[in-house]
Asks: 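For reference, the structure I am asking about is given below.
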Amino acid sequence: MIPVELYIGLSVVIFSIGLYGFMTQRNGVRMLMCVELMLNSANINLVAFSSYHGNLTGQVFVLYVIALAAAEAVVGFAILMSIFRMKDMIDLDKINILRW
Amino acid sequence: MLLSLIVLIPLIFAVLTLLTKTREQARAMALVATVSVLLLTIYTYFNFDSTTAATQFEEFYSWVPSLGISYHLGIDGISLPLILLNAIVMPLLILFTWNDDRKAPNRFYSLILITQGAVLGVFCALDFFLFYVFWELTLIPLFFMVSIWGGPKKHYASIKFFIYTHVASLVMLLGIFGLYFAAWETTGTPSLSIPHLLAQFQFIESGITRDLIFLALLFGFIVKLPVFPFHSWLPDAYTEAPTAGSVLFVLLKIGGYGIFKIMLPLLPFTASPNLMITIMGALGAVSILYGAFLALAQKDLKRMVAYSSLSHMGYVTLGAAGLVSLSVSGAMFQQFSHGLIMSIMFMSCGVINKATGTRIINELGGLAQRMPKLAVIMVLTFMASLGLPGLTGFIAEFSVLAGSFVNLQGYVVIALMAIVITAAYHLWALQRAMFGVYKEKLGNVVDINGYQTLAMGVIAILILYFGLNPSPVLDMMLTNSEHIIGLMAGMGV
Amino acid sequence: MDLMLFAPEITMVATGLAVLLIGLFLPVDSKKVLGYLASLGIIAALYLTIVSLGTNTLAFYDTLSVDALSQFFKIVFLVVALLFSIASIKYTEGSAHVEEFYVLAIFATIGMMLVASANDLMVLFVAFELASISTYALAGFEKKNPQSLEAAMKYFLIGSLSGALMLFGITFLYGVTGTTSIPGIADSGAAIAASPIGIIAVVLLIAGMGFKIALAPFHMWAPDTYQGAPSLVSALLAAGSKKMGIVAAFKVFIVALIALQVQWQIAFAVLAVITMTLGNVAALSQTSVKRMLAYSSLAQAGYITMAFVVLTPMALGGGILYALSHGFMKAGAFIATAAVVYMVLSENKDTKDPDHIDNFKGLGQRMPVTALSMTIFVFALAGIPLTAGYMSKFVLFSSTIQAGFAWLAVIAIINSAISLFYYAKIVKYMYFLPTEGTKVSEPLPYTIALVVAVIGVLAIGFWPEPFIYWAMEAGKVLLAGGI
Amino acid sequence: MAVGDYAFLIPLLPALAFVLTFFLGKKLPNGGAIIPIVAIATSFVISLLITLGLLQNPEQVINQSVTWFAMLNLGILVDPLAAVMLTMVTFVSLLIHIYSTGYMSHDRAQYRYFAETSLFTASMLSLIISDNILQLFISWELVGLCSYLLIGFWYQKPAAASAAKKAFLTTRIGDVMFLAGIVVLFSDLFRLYNGSIPEGVFILKFDEIFSQIPQLAAMSTPVLGFQVNHLTLITLLFFGGAIGKSGQFPLHVWLPDAMEGPTTVSALIHAATMVTAGVYLVARTFPMFMAAPDSLMVVAYLGAFTAIFAATMGLVMNDMKRVLAYSTISQLGYMMLGLGVGAAIGAEAVGISMFHLINHAFFKALLFLCAGSVIHAVGTHDMRQLGGVAKVMPITAATMIIGALALAGIGIPDTSIGFSGFFSKDAIIEAAYLFGENGGGWALYALSIAAALLTSIYIFRLIFMTFFGKPRTAYGGHEAHVSMTIPLSILAILALVFGALTMERFNTFVSETFVNNFVHMDIPGLAELGGYHLASHAGHEPLIILWLPVIVGVAGLLIAYLIYGLKVVNMDKLVSRNNPIYKLLYNRYYQNAILTNFLSVKVVYEGLAFAGRAVDTGFDWVVNWIGDVTMDTGDALRQLQTGVVQNYAMVVITGVSLLVILITVVMEVL
Amino acid sequence: MLNKQFTIMQIITSVYRYFKPRILGMIVAFLFLAIVMVSVIGTSWPIVDQLPQNLEDPSNIEGIGLLIFTQFVVPFEILSIVLLSAMIGAIYIAKGEAGK
């Protein structure tokens with residue numbers, strides 16, 4: 001039997017990778033991917049807990065999260081597209097006219 | 001209804017004035033408002049029983065019952081003289097500015113009326129919430145007044161004044177909160193009624209809490225007064241304000257009012273009343289001396305007057321700390337007297353500045369030859385300000401000094417030292433500015449006009465009248481201070 | 001199960017759909033009607049919410065609750081939406097995309113309303129995301145404006161990061177308790193409190209909600225976004241979406257995680273102090289009014305957060321009342337800014353920073369109504385008496401003292417004093433500095449929105465009794481641990 | 001007595017005259033001089049009638065009081081002391097007013113002059129008549145105000161404006177001491193009543209104060225290690241006031257400068273009003289001085305010192321009016337000395353001192369008015385430019401010589417022959433002798449005799465330089481107008497005979513004030529309290545003592561005649577800047593340099609006031625600093641907002657981690 | 001205000017450039033990872049025993065479906081709005097220069 005800590009550990013590691021990528025990547029698309037990574041690590045958690053708890057709430061939640069992730073990604077990509085259209089690049093660390 | 005009218009008429013007329021289009025309409029509107037307030041006040045005065053310290057003309061409507069806030073007005077012998085002062089000077093101030101040509105006259109008069117309403121509101125309020133509301137309301141019009149029509153450093157001065165005194169108000173608010181909740185805890189019902197809270201103060205168990213509440217409230221009041229070392233907003237604000245604004249500042253007697261109305265009843269119940277008395281007395285005495293020296297060092301006439309105001313306000317705290325009925329009533333009278341005297345002082349500065357284009361004392365000279373009417377009024381006022389007997393300033397100063405000496409010898413000695421300095425800077429300024437050879441480069445200055453003469457003349461006559469016969473206002477002050485002192489008797493203070 | 005309980009939400013959905021569908025068939029120049037339609041719909045929803053004040057019930061398998069708290073906040077959101085929608089009539093004038101603008105805003109409002117009603121973390125999260133996703137697009141609505149796009153980008157990225165953090169926190173809660181129901185979590189409070197993961201969950205949730213509330217250090221997006229986004233959207237974000245974060249935090253922390261009370265009180269105390277200080281101090285030298293308002297909004301969030309620390313009925317009431325007041329004040333201030341921006345842009349299309357404070361010079365003469373309203377709003381934000389801001393501060397700060405957190409009250413009051421400086425600066429620019437332009441006619445929709453907001457600010461200031469009562473009722477719901 | 005009921009009119013009529021003249025005078029001929037003249041004449045008549053009545057029946061003291069405010073009152077008290085003063089002041093003032101109609105006839109602001117002199121007189125009368133110390137102080141200050149206004153009458157002249165200010169300020173120093181005395185007195189009485197003053201008791205009334213003297217004398221407070229007796233403190237502070245008003249050392253500096261006003265004003269100040277106020281104050285509160293150890297000594301020694309100190313300066317002045325001014329200071333010193341030796345002779349001291357005061361009033365008014373005549377006629381008051389004026393102005397010269405003889409105190413002892421000054425000055429010198437004989441030391445006597453010699457020298461120096469010899473410059477001149485010579489003549493007659501006529505009666509009449517009338521003070525008893533031993537009886541001095549003042553007076557005359565009349569000594573050598581003594585005297589002991597330039601300007605104005613300004617800048621700086629720091633912090637904080645979204649994310653995540661650590665740590669600590 | 005040439009921002013950026021963003025990102029991510037991991041390991045998850053039963057439960061899909069339409073119908077409904085909203089937003093933002 002696999003202890004639940006391992007699932008959680010996995011998810012935390014993935015989440016941290018997502019965080020790391022989010023902080024270090026310049027490319028907007030990669031950053032979005034990192035967000036997806038984080039959301040999915042949460043999904044791992046949910047599923048693991050769901051099955052360890054023996055109730056399906058977590059799994060239902062996973063479905064919703066997947067849908068939400070999709071919706072979020074759609075909007076995100078749309079914004080990135082607009083930026084790309086305007087600047088011909090999506091290196092987000094160069095987009096900082098709003099500061100101070 | 002009477003008090004509500006007194007408070008609300010200026011505020012309502014302020015809105016109406018704002019809607020007027022021309023200078024003539026605006027000033028007429030303002031005059032109507034202030035004169036009606038004056039009439040109502042006079043009516044109130046003659047129906048007022050000055051032999052009792054009880055609150056009169058009370059009005060009470062519940063406002064926010066869940067927090068114990070109410071619309072509660074009432075006056076006693078502490079507030080009525082100040083209301084009277086305000087009501088008297090305001091129409092004269094309008095008259096004084098009658099022929100002034102300035103931008104946006106409707107806003108100008110509107111702000112004057114708001115200030116009047118707010119100040120009168122503070123004097124009438126018997127609910128801390130209402131009190132604080134009016135208290136803060138005085139800030140805004142004055143801020144605008146200085147900012148719009150002020151001198152060259154108006155922005156600096158107005159912001160400094162605004163924030164400085166606002167901080168003080170907030171500290172005072174903290175004190176009010178402390179009192180409010182402490183009383184809430186003991187009585188179980190929330191109430192912001194001033195008499196109620198003053199009465200409940202003694203039942204707060206923790207001495208430190210009582211002291212902190214007292215100090216927080218005191219801070220709010222003495223900054224407004226102001227008193228050394230919390231005065232640095234004053235010279236800038238007073239100096240940069242337009243003449244009418246300076247006069248409004250002078251009539252802003254809410255700091256001293258708070259000391260008599262709120263601090264003194266609390267004083268005996270603080271954990272260390274003697275310390276509090278020491279603080280108040282020391283601040284007062286030092287202010288008197290310090291303000292006098294600073295006034296002596298000024299080159300700008302208006303700034304000198306501003307510092308002299310600081311010096312005079314020292315008597316208020318000193319007298320209050322004296323805790324003898326004579327000293328306390330003297331300090332109250334000082335407020336009244338100071339309002340009259342300083343009004344003329346600032347009006348004179350304004351007139352001189354306008355006529356000659358400068359306020360630097362050394363650049364003036366011999367104005368008495370060209371402005372004889374102003375000279376007469378100014379000499380009288382300066383004499384009143386330096387405490388010449390027969391004028392109001394003396395009554396106040398003598399009462400404070402003689403009364404305070406019973407308990408606070410050392411501080412009175414300090415204050416006495418200032419008297420010569422006070423005389424020195426007044427006379428010095430008079431000599432340089434008004435007397436001596438007329439400086440031709442000042443151009444062809446003309447004397448004050450009829451409206452200004454009327455305004456200043458009436459105040460001057462009042463200075464003389466109340467100097468010779470202070471009883472009409474001093475009696476009720478005495479009644480109240482005796483009442484306050486009576487409350488303290490046996491408290492070991 | 002009574003659908004009437006959710007009549008406001010249903011009305012809003014219907015309004016949104018109607019706007020969307022009707023908008024498709026309308027020519028550009030008559031799309032104005034959509035604004036009226038949306039406003040009417042919001043007014044209807046508002047009416048339905050107000051009449052249902054006092055209801056106390058759970059619905060939909062206990063995933064939604066209708067109680068004083070939810071209704072109060074729904075009123076806040078609807079009021080903000082109403083102001084937004086009225087003002088937008090002018091903003092969207094001549095645009096081909098009116099229906100998108102309105103629909104997104106209405107959907108965002110629905111999200112906020114559902115957060116207020118949520119009794120289950122899953123509902124809460126999804127509704128939260130609804131509000132977020134709708135506003136992401138709104139923030140970038142001026143898609144040809146690089147500022148707006150950048151604002152949307154930052155908002156979106158930090159928003160999704162925060163969403164992920166919050167979700168991650170929720171998974172842990174679910175992991176420990178086995179349920180996502182708020183009362184259910186509260187029941188297993190002991191289990192959470194016993195495990196170190198509880199703190200992680202608390203902090204992750206604070207991060208997620210702090211993003212919306214704009215609590216430092218999760219606030220970094222806020223100044224940029226508020227500045228870059230269209231002013232009206234900033235109004236919606238600052239006045240509406242921020243309150244959503246607050247109500248979510250109320251529910252999650254005070255109801256669900258009451259067992260970890262000490263932990264999150266520490267966190268909120270620290271964050272409140274940092275936030276209000278940072279917000280006020282950083283606002284001092286801003287030259288963009290929107291950015292200044294953003295920082296001020298930060299500061300206000302800091303004040304409201306004090307309610308978490310104090311946690312007495314009065315403090316909660318104060319915090320909730322503050323949320324309402326802030327809705328009026330901040331929405332009003334942003335709408336006034338929007339009016340100015342509109343005026344500046346209509347004079348010169350290429351203005352770089354239409355919300356630069358220099359454009360406020362002499363506004364008192366150019367746009368008297370706007371200037372006066374703005375003065376009232378900033379004075380209210382500064383806490384000058386007889387305004388909503390003062391009343392709320394009065395209740396909130398005084399409750400802080402009552403609960404013995406005098407130090408917190410002192411910090412808040414010092415902050416309040418500092419804030420006066422930059423608020424006064426705006427007033428100074430509007431009234432005391434000479435203008436270069438001439439008097440312009442003020443667009444009616446903006447004016448109406450401003451007047452409504454002013455009425456709100458003054459109503460709470462002058463007659464706070466009913467508002468305080470309902471805020472207190474809402475607070476009681478929280479302390480009673482929900483229904 | 002019916003006339004007593006109108007006593008309140010004595011100060012009130014001139015006060016009304018002031019108002020009327022000020023507002024209406026401009027339109028009346030002669031600046032409305034008639035109004036104050038009539039008013040003061042009426043006051044004089046009332047005073048005279050009251051005085052005569054009191055002479056008949058000294059017990060018939062007039063005392064009326066009304067409440068003013070709190071436990072303070074306004075009221076009038078006419079006892080012999082006050083009555084004598086009132087009569088003198090109204091009379092001299094009346095004459096000066098009449099004289100002024102001629103003297104001031106060319107001034108455009110005549111109405112203002114008459115209004116102010118009228119107020120001046122009113123204030124002085126109110127001072128004299130007041131029945132409580134506070135009202136006395138009020139009038140005292142009003143006197144100061146009027147002197148300010150009148151000295152600065154020609155305010156266009158910077159010197160006049162400056163002198164007015166100086167006069168007011170210098171006397172103000174004394175006034176503050178006086179006020180401090182009242183304050184101490186008040187608080188002591190307040191404490192004696194234990195804070196609750198019964199209805200109808202006015203605690204600053206003289207009779208009230210005097211009845212509390214034993215209790216006051218018993219109070220003392222340690223100050224800086226010394227046990228300070230309250231009564232001594234109070235009386236010394238009162239005397240401080242008197243020093244200022246009566247021009248005693250070191251607050252006499254204003255008096256010579258006060259010459260900048262019209263000469264008539266000088267006459268008014270030096271003779272009738274103002275300077276006598278200080279002496280009157282000490283006389284009025286004499287019972288308190290009696291009971292205060294050391295106070296009377298201070299009065300006596302300071303008076304004697306001032307007498308000789310001022311006389312030395314009078315010797316070298318070239319300005320006619322300045323000589324007279326120093327003479328006034330010197331004579332006031334005599335009066336103070338006279339009061340001070342009350343330590344030896346008791347209440348009689350008040351009598352002799354007041355006697356000298358009255359005599360001095362007459363002859364000093366005379367001298368000043370004569371000097372005014374001369375100045376009016378010739379247009380200068382520098383004696384070096386005059387000479388031989390007697391030929392041009394015989395009446396003036398004659399009257400002035402009478403005044404000089406009176407001042408020098410020429411007369412024959414033990415008879416009724418002598419100028420008025422002789423009797424009173426002699427009495428004071430005798431009293432000083434008695435004081436010495438009584439074991440009080442001989443210094444007072446020596447000083448008073450020496451001062452008498454100098455007095456004679458300087459006044460006859462003035463006479464010889466001005467009226468005799470040859471004119472030194474070409475000045476035009478003519479005898480004065482009749483409105484001026486008549487007052488001169490009247491005053492001359494009084495200077496001639498007043499002393500001789502009233503000598504016997506006057507002393508007892510005035511001295512009775514405290515003994516028989518009013519409060520019935522036990523003066524010897526008070527002296528016991530003060531630790532003095534009164535001499536048993538006066539009048540058995542050796543013959544030489546009686547003659548000595550006359551001898552020095554005549555000697556002075558002769559010396560002056562030798563030097564200035566016959567010019568047997570060439571003064572040019574002595575009178576040079578190289579002579580250190582002359583230099584010291586001529587520069588008036590450098591008081592101006594020390595007191596005005598150094599103490600007032602350097603120390604107080606440039607030192608303390610500017611130091612205060614620096615301190616104030618400091619306070620201002622603190623306030624601004626707080627603002628600046630906040631602004632700078634804000635500026636620094638906003639730099640955190642880099643605009644790079646990845647950084648934001650990093651902040652968020654770091655924040656999360658740190659928050660977790662923080663909570664954990666705090667929970668551990670808790 | 002004061003003209004600051006040595007602003008905090010510049011210090012931060014120079015440090016940032018010096019360390020390279022990745023290293024900083026890694027530190028932050030590791031800190032997060034470590035903290036969460038410690039907490040995860042420190043927590044005693046109460047659920048492990050019931051794992052086998054759930055694995056053999058055949059009605060997982062059915063259960064989820066049931067939950068979606070009963071207990072968690074509200075989030076489901078909201079999701080529909082989310083998707084609609086995301087669609088509108090994304091289309092609006094991503095659409096090129098409308099009509100041009």
Side-chain angles (χ1 to χ4, degrees), chain C residues 150 153-158 160-162 165 168-169 196 198-208 210-211 215-224 227-228 260 262-271 274 277-286 291-292 294-295 414 417-418 421-422, chain D residues 69-70 195 604-670:
Chain C
E150 182 180 338
M153 180 270 283
K154 286 178 178 164
Y155 182 36
F156 165 72
L157 282 176
I158 303 296
S160 24
L161 173 66
S162 306
L165 288 171
F168 208 51
I199 294 177
I200 301 283
V202 162
V203 172
L204 288 173
L205 284 167
I206 289 178
F211 154 75
L215 280 180
F218 316 116
H219 71 286
M220 304 290 279
W221 62 279
D224 293 3
Q227 186 190 356
L260 287 160
V262 182
Q263 279 88 336
W264 51 258
Q265 270 181 322
I266 294 165
F268 275 119
V270 174
L271 295 186
I274 296 177
T277 312
L278 179 88
N280 280 322
V281 173
L284 287 176
S285 54
Q286 296 299 339
R291 203 172 176 83
M292 187 188 287
Y295 277 112
I414 291 173
I418 294 174
F421 181 82
Y422 56 88
Chain D
F69 66 92
V604 175
Y605 179 63
E606 288 178 359
L608 290 174
F610 280 92
R613 210 156 74 159
V615 172
D616 205 51
T617 319
F619 280 109
D620 219 27
W621 182 82
V622 170
V623 173
N624 288 334
W625 180 80
I626 293 172
D628 287 347
V629 161
T630 319
M631 291 296 287
D632 291 353
T633 317
D635 244 22
L637 280 179
R638 55 186 282 210
Q639 310 290 340
L640 285 174
Q641 203 85 18
T642 57
V644 179
V645 73
Q646 285 88 346
N647 294 356
Y648 295 2
M650 202 171 285
V651 172
V652 168
I653 296 157
T654 318
V656 168
S657 306
L658 292 182
L659 208 51
V660 172
I661 294 171
L662 179 89
I663 295 176
T664 320
V665 169
V666 174
M667 290 303 291
E668 286 300 314
V669 171
L670 290 176

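Since we're looking at a predicted model, the values are computed, not measured. Sequence lines set the chain letters: A, B, ... in the order given, protein chains first and strands last, and positions in each chain run from 1.
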Asks: Name the region of C:Leu161, side chain, backbone, both or neither, that has any atom closer than 4.5 Å to a heavy atom of chain D.
Replies: side chain

Asks: Check whether C:Glu150 gets within reach of chain D through its side chain, its backbone, both or neither, counting any heavy atom under 4.5 Å.
Replies: side chain

Asks: Counting heavy-atom pairs under 4.5 Å to chain C, which of D:Leu637, D:Thr654, D:Thr664 comes out on top?
Replies: D:Leu637

Asks: Hey, could you give me the CG/OH distance between C:Leu284 and C:Tyr295, rounded to the nearest 0.5 Å?
Replies: 11.5 Å

Asks: Who wins among D:Gly627, D:Ser657, D:Gly643 for the most heavy-atom pairs under 4.5 Å with chain C?
Replies: D:Gly643

Asks: Please flag which part of C:Phe421 lies under 4.5 Å from any non-hydrogen atom of chain D: side chain, backbone, both or neither.
Replies: side chain

Asks: So does C:Ser285 get a backbone contact from the side chain of D:Arg638, meaning a donor-acceptor N/O pair under 3.5 Å?
Replies: yes

Asks: Can you tell which part of C:Phe211 gets under 4.5 Å to a heavy atom of chain D, answering side chain, backbone, both or neither?
Replies: neither

Asks: Pick from D:Leu659, D:Val660, D:Leu658: which one makes a side chain to side chain contact (heavy atoms under 4.5 Å, CB included) with D:Leu662?
Replies: D:Leu659

Asks: Run the salt bridge (charged side-chain N to carboxylate O under 4.0 Å, His left out) test against D:Asp620 and tell me which residues pass, sequence neighbours left out.
Replies: B:Lys160

Asks: Any sub-3.5 Å donor-acceptor pair from C:Trp264's side-chain atoms to C:Ile206's backbone N or O?
Replies: no

